[in-house]
Amino acid sequence: MPAITAPRGGFVGPVKRSITIAGHATSISLEPIFWQALEAEAARRALPLSALVAEIDAVRILAADPPNLASALRTWLIDTFAPRD
């Protein structure tokens, strides 16, 4: 069994950033690895980061019991990049 190693860049706590969604500034705290993944996915989709976050937020608020935005972003990223059966 392979040994567990630290992620590239090490273990780093959340970094707070401000993003404008629907004309309103909101602060989001995510670990740098999640910010990097969001930025890469926004670039892949040729969207500004704020537009991708706004799209995820629009889907999030439709949930029966919406999680906070940071949790929704992490969950969306893991689901987007997780291997499919």
Side-chain angles (χ1 to χ4, degrees):
M1 176 174 246
I4 300 292
T5 61
R8 291 181 300 257
F11 292 101
V12 181
V15 174
K16 186 178 281 192
R17 289 171 72 175
S18 181
I19 292 188
T20 301
I21 301 173
H24 301 284
T26 187
S27 292
I28 305 168
S29 294
L30 293 173
E31 294 73 13
I33 197 166
F34 287 106
W35 283 120
Q36 292 162 6
L38 277 172
E39 290 165 348
E41 188 59 16
R44 191 185 76 72
R45 294 171 183 244
L47 292 171
L49 178 61
S50 59
L52 177 60
V53 171
E55 287 187 22
I56 297 165
D57 186 48
V59 173
R60 172 190 75 91
I61 62 175
L62 296 176
D65 185 18
N68 69 49
L69 182 54
S71 293
L73 293 170
R74 288 185 192 98
T75 303
W76 183 86
L77 283 165
I78 293 296
D79 184 64
T80 296
F81 292 105
R84 301 289 177 187
D85 293 337

Can you list the residues that meet the side chain to side chain contact (heavy atoms under 4.5 Å, CB included) rule with D79, with sequence neighbours excluded?
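R84.
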Would you be so kind as to tabulate the donor-acceptor pairs closer than 3.5 Å made by side chains of residues 26-49, with sequence neighbours excluded?
{"residue": "E31", "atom": "OE1", "partner": "R74", "partner atom": "NE", "Å": "3.1"}
{"residue": "E31", "atom": "OE1", "partner": "R74", "partner atom": "NH2", "Å": "3.2"}
{"residue": "W35", "atom": "NE1", "partner": "V15", "partner atom": "O", "Å": "3.0"}
{"residue": "W35", "atom": "NE1", "partner": "L30", "partner atom": "O", "Å": "3.2"}
{"residue": "E39", "atom": "OE2", "partner": "R17", "partner atom": "NH1", "Å": "2.8"}
{"residue": "E39", "atom": "OE2", "partner": "R17", "partner atom": "NH2", "Å": "3.0"}
{"residue": "E41", "atom": "OE1", "partner": "R44", "partner atom": "NE", "Å": "3.1"}
{"residue": "E41", "atom": "OE2", "partner": "R44", "partner atom": "NE", "Å": "3.3"}
{"residue": "E41", "atom": "OE2", "partner": "R44", "partner atom": "NH2", "Å": "2.8"}
{"residue": "E41", "atom": "OE2", "partner": "R45", "partner atom": "NE", "Å": "2.7"}
{"residue": "E41", "atom": "OE2", "partner": "R45", "partner atom": "NH2", "Å": "3.2"}

To the nearest 0.5 angstrom, please state how far the CG atom of L73 sits from the CG atom of L77.
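It comes to 6.5 Å.
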Please find the pair of heavy atoms, one from A72 and one from R60, that lie closest to each other, and give the distance.
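Answer, listing the atom of A72 first, then R60: CB-CD, 3.4 Å.
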Hydrophobic cluster membership, I21 vs L62, 4.5 Å side-chain cutoff:
no
Using side-chain hydrogen bond (donor to acceptor under 3.5 Å, both in side chains) as the criterion, list what pairs up with S71, not counting sequence neighbours.
N68
Single hit among D57, I19, I61 for side-chain contact (heavy atoms from CB on, under 4.5 Å) with L69:
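Filter result, single survivor: D57.
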